[in-house]
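Data first, discussion second: the structure below is written as structure tokens.
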Amino acid sequence: MARHLITSAIPYINGIKHLGNLVGSQLPADLYARYLRGRGHEVLFLCATDEHGTPAELAAAKAGKPVAEYCAEMHEVQARIAKGFGLSFDHFGRSSSPQNRALTQAFAARLADQGLIDEVEQQQIYSPTDGRFLPDRYVEGTCPNCGFEDARGDQCDNCTKQLDPEDLIDPRSTISGATDLEMRATKHLMLRQSAMKDKLDAWIDSKTDWPVLTTSIAKKWLHDGDGLQDRGITRDLSWGVPVKRGDADWPGMEGKVFYVWFDAPIEYIACAQEWVDAGKGQDWERWWRTDKGADDVRYTQFMGKDNVPFHTLSFPSTIMGSAQPWKLVDYIKSFNFLTYDGGQFSTSRGRGVFMDQALEVLPADTWRWWLLSHAPETSDAEFTWENFQTAVNKDLADVLGNFISRITKFCRAKFGEAVPEAGAYGPAEEALIADLTARVARYETLMDAMEVRKSAAELRAIWAAGNEYLQAQAPWTTFKTDPDKAAAQVRLALNLIPLYAVLSAPFMPATAASMVEALHLEMPHWPDDVPTALSSMAPGHVFAVPEVLFAKISDEDRDAWAERFAGRRD
RNA sequence: GGCGUUAUAGCUCAGUUGGUUAGAGCGAACGACUCAUAAUCGUUAGGUCCCUGGUUCAAGUCCAGGUAACGCCA
């Protein structure tokens with residue numbers, strides 16, 4: 001038994017995430033966590049909401065609510081949806097927690113003590129009307145290059161020329177529309193990432209088993225142009241972790257907060273503290289401090305490719321720079337993007353399926369299966385309703401669902417709703433057991449390696465093996481001449497169901513639970529060996545024919561959903 | 001503009017360190033079965049592995065250039 005710390009990239013508080021976000025981090029992390037728990041390992045699986053920054057402030061303002069209240073509500077919404085998808089976080093924390101505030105301030109103090117923080121003075125656009133400094137993209141005006149009237153402070157969308165906000169003619173705040181903008185001097189803290197470049201480089205080089213996607217992105221940031229740049233860790237906002245040097249004030253930094261990218265990953269650690277403080281566990285340092293028991297922990301992070309630079313460079317800079325024995329990540333599993341019908345998911349245009357809508361339309365396990373079996377591991381993957389329909393109908397309804405249906409109903413018709421006890425296994429049964437033994441071993445190897453799609457394919461083959469066996473042995477024919485032999489065949493086939501349940505549980509926890517429930521069984525332990533696992537339903541055991549596990553998706557439903565989610569979200 | 005990823009059967013994708021007839025699922029055709037959610041099982045047909053050039057006894061696999069798609073950055 002090993003100890004596994006697993007974190008999923010933490011979703012931003014603003015709004016409900018789409019299926020692409022889900023499949024890029026939380027869902028595969030959950031798959032892995034459930035699998036490892038099933039194998040008997042000790043797992044701490046953490047996720048949280050990322051709550052600070054300007055977008056949260058603006059969304060709160062739009063909703064007419066104080067930002068703290070808005071975040072608290074949205075956190076509950078996201079927590080509820082996560083639960084709906086069966087995401088088995090040991091704790092779902094908040095980056096705005098007191099624990100994270102204290103820890104972020106402590107890290108900043110420590111980094112400053114190590115000489116890794118510079119204080120720099122910058123000129124930034126200030127809006128007296130809004131009472132705040134404006135980030136570049138919240139300033140708009142006329143492009144000095146092409147005359148386009150709605151150019152953003154960082155770039156003109158019309159002529160694509162890169163701009164500085166002070167270049168704009170007649171600049172205005174996109175928050176209030178105010179035009180009385182002015183340049184003001186402001187002081188900020190920079191994390192000297194450049195000083196840690198060589199150390200990071202060597203560390204990345206040592207990770208030869210990481211996905212190419214992960215290391216290539218990290219290398220690019222390390223070596224591109226002038227190499228890894230220092231990065232501001234503070235902002236002139238009110239919503240965030242106040243800039244302090246540990247418990248002490250930080251002269252000149254009054255009224256400023258830490259930049260969201262700095263405090264968000266620290267929440268991975270703070271979340272473990274929240275987990276303890278919520279009474280769900282104890283001794284969080286055992287998971288995070290290598291001097292306090294975490295040296296045997298294997299830490300795996302899951303994220304989409306857009307988050308890779310933060311997890312390979314920025315957060316490790318914070319950890320390494322502290323020169324304290326914090327646990328560094330051991331493996332980063334990164335994902336490409338899921339595209340929707342040839343294009344991007346779009347929150348603003350309501351294009352694609354969002355997590356809340358997905359649950360309105362179909363059970364979570366249906367989504368879990370499709371998303372995981374099509375996870376964008378090696379390249380971007382595409383969601384189309386047609387592909388979704390055929391995969392769900394074929395894999396879940398026909399191969400798995402129908403297998404359970406056909407064998408339980410056949411048994412009921414010929415032997416009643418109890419496991420028949422006559423007959424003995426022969427060569428065909430031994431062959432099936434041998435085949436399954438090999439397949440289960442392969443499945444475990446793939447799951448250990450976090451090969452998500454291949455694991456799904458192997459699991460499907462395991463389901464299909466049941467149909468192949470029934471087809472070849474044809475107990476309905478055997479029954480006419482040798483009822484005892486048919487009884488043995490049915491007994492074995494019935495016993496496949498609990499095996500399928502436990503193997504499928506990481507992918508489809510709710511379905512797996514209902515499978516064993518119908519059989520009047522407890523969820524079995526992960527199989528040590530297949531022959532033992534296939535005797536969990538003893539002769540005479542009474543069961544009930546389950547309800548239809550998966551309804552098929554009709555062409556009408558498919559077309560209606562395609563229409564509904566094509567764009568323009570209300 | 002710079003960079004990254006991708007380009008393999010009609011579709012979605014596998015193809016370890018270059019090594020015999022390039023694989024799977026779906027779809028298609030044909031057949032078997034009739035227990036089952038008109039489900040299942042089997043067989044077969046489909047590929048100039050984006051293009052050009054190079055390295056090698058040998059290239060889908062390595063190198064160079066090009067094309068295209070997607071994305072990131074400034």
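Naming convention: chains lettered A, B, ... in sequence-line order (proteins, then strands); numbering from 1 in each chain.
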Could you tell me how far apart [X] ([atom1]) and [N] ([atom2]) are, to the nearest whole angstrom?
X         : N      : atom1 : atom2 : value
Glu382(A) : C26(B) : CD    : C1'   : 15 Å
Asn336(A) : C72(B) : CG    : P     : 12 Å
Gln473(A) : G42(B) : CD    : P     : 13 Å
Arg453(A) : G15(B) : CZ    : P     : 10 Å
Lys394(A) : A39(B) : NZ    : C1'   : 8 Å
Glu386(A) : G25(B) : CD    : P     : 20 Å
Tyr469(A) : G42(B) : OH    : C1'   : 18 Å
Gln389(A) : G25(B) : CD    : C1'   : 16 Å

Quantified in whole Å, what is the [atom1] atom distance between nucleotide [N] and nucleotide [M]?
N      : M      : atom1 : value
G25(B) : A58(B) : P     : 34 Å
C51(B) : C57(B) : C1'   : 26 Å
G19(B) : U56(B) : C1'   : 12 Å
G60(B) : U17(B) : P     : 16 Å
C26(B) : U6(B)  : P     : 27 Å
U8(B)  : G54(B) : C1'   : 22 Å
U12(B) : A74(B) : P     : 32 Å
C63(B) : U16(B) : P     : 14 Å

Indicate the ring-plane relationship of [X] and [Y], choosing parallel, tilted or perpendicular according to the 30° and 60° boundaries.
X         : Y         : result
Phe415(A) : Phe410(A) : perpendicular
Trp370(A) : His374(A) : parallel
Trp385(A) : Phe383(A) : perpendicular

ring-ring contact (aromatic ring centres under 6.0 Å, His included) between Phe310(A) and Phe315(A), worked out: CA-CA 6 Å; Phe310(A) 296 104; Phe315(A) 187 43; over 10 Å; no
Give the intermediate values and the outcome of ring-ring contact (aromatic ring centres under 6.0 Å, His included) for residues His520(A) and Phe543(A). CA-CA 6 Å; His520(A) 302 154; Phe543(A) 65 89; 7.9 Å; no
Has [X] got a side-chain atom pairing as donor or acceptor with [Y]'s backbone, closer than 3.5 angstrom?
X         : Y         : result
Arg491(A) : Glu421(A) : yes
Trp367(A) : Ala358(A) : yes
Tyr469(A) : Ala428(A) : no

Close residues, [range], relative to RNA chain B [heavy-atom separation under 4.0 Å]:
range                       : answer
residues 488-520 of chain A : none
residues 546-560 of chain A : Val548(A), Leu549(A), Phe550(A), Lys552(A)
residues 395-425 of chain A : Ala397(A), Asp398(A), Gly401(A), Asn402(A), Ser405(A), Arg406(A), Lys409(A), Phe410(A)

Report all interatomic pairs (protein N or O, nucleotide N or O of nucleotides 29-34 of chain B) with separations under 3.5 Å.
| residue | atom | partner | partner atom | Å |
| --- | --- | --- | --- | --- |
| C33(B) | O2' | Trp476(A) | NE1 | 3.2 |

Looking only at side chains, do Lys552(A) and Asn393(A) share a donor and an acceptor under 3.5 Å apart?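 Judged by distance alone, the side chains do not pair up.
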Any donor-acceptor N or O pair under 3.5 Å, side chains Asp555(A), Gln389(A):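 A donor-acceptor contact under 3.5 Å links the two side chains.
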Within 45° of the ring axis of Phe507(A) and under 6.0 Å from its six-membered ring centre, is that where the NZ or CZ of Arg368(A) lies?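 No.
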Do the numbers put Lys333(A) on top of the ring of Phe335(A), so that NZ or CZ is under 6.0 Å from the six-membered ring centre and no more than 45° off the axis?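 So Lys333(A) does make the cation-pi contact.
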Writing each nucleotide of RNA chain B 5' to 3' as (, ), [, ], | or . by Watson-Crick or G-U pairing under 3.5 Å yields (((((((..((((.....[...)))).(((((.......))))).....(((((..]....)))))))))))).
Heavy atoms, side chains only, cut-off 4.5 Å: are Asp330(A) and Thr300(A) in contact?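 Side chain of Asp330(A) against side chain of Thr300(A), heavy atoms only: no contact under 4.5 Å found.
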Under a 4.5 Å cut-off applied to non-hydrogen side-chain atoms, are Leu432(A) and Glu468(A) in contact?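 The answer is no, as the side chains (C-beta and beyond) never meet within the 4.5 Å cut-off.
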Could you tell me whether Asp230(A) and Arg192(A) make a salt bridge, using a distance below 4.0 angstrom between a side-chain N and a carboxylate O?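 Salt bridge: no.
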Kindly determine whether Tyr268(A) and His311(A) satisfy ring-ring contact (aromatic ring centres under 6.0 Å, His included), including the steps that lead there. CA-CA 11 Å; Tyr268(A) 288 141; His311(A) 292 77; 5.6 Å; yes
Most 5' of Asp306(A) and Ala472(A) on RNA chain B, judged by nearest nucleotide: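 Looking at RNA chain B, the more 5' nearest nucleotide goes with Ala472(A).
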Nearest nucleotide by nearest heavy atom, which residue falls closer to the 5' end of RNA chain B, Glu451(A) or Ala464(A)?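 Whichever sits nearer the 5' end wins; that is Glu451(A).
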Measuring from the side chain of Asn387(A) (C-beta onward, heavy atoms only), which nucleotide among C41(B), U12(B), C13(B) has the closest atom?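 Selected nucleotide: U12(B).
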Under 4.0 Å between a side-chain N or O of [X] and OP1 or OP2 of [N]?
X         : N      : value
Lys454(A) : C13(B) : no
Lys305(A) : C70(B) : no
Arg460(A) : C26(B) : yes

Minimum heavy-atom distance between Pro546(A) and Thr408(A), given as atom pair plus value: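 Looking at all heavy atoms of both residues, the shortest contact is CD-OG1, 3.7 Å.
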Indicate syn or anti for G42(B), taking the glycosidic torsion and treating anything within 90° of 0 as syn.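 For G42(B), whose glycosidic angle is more than 90° from 0, the conformation is anti.
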Give every donor-acceptor pair under 3.5 Å between a side-chain atom in residues 472-480 of chain A and any protein atom, sequence neighbours left out.
| residue | atom | partner | partner atom | Å |
| --- | --- | --- | --- | --- |
| Thr478(A) | OG1 | Gln473(A) | O | 3.0 |
| Thr478(A) | OG1 | Ala474(A) | O | 3.1 |
| Thr478(A) | OG1 | Gln489(A) | OE1 | 3.3 |

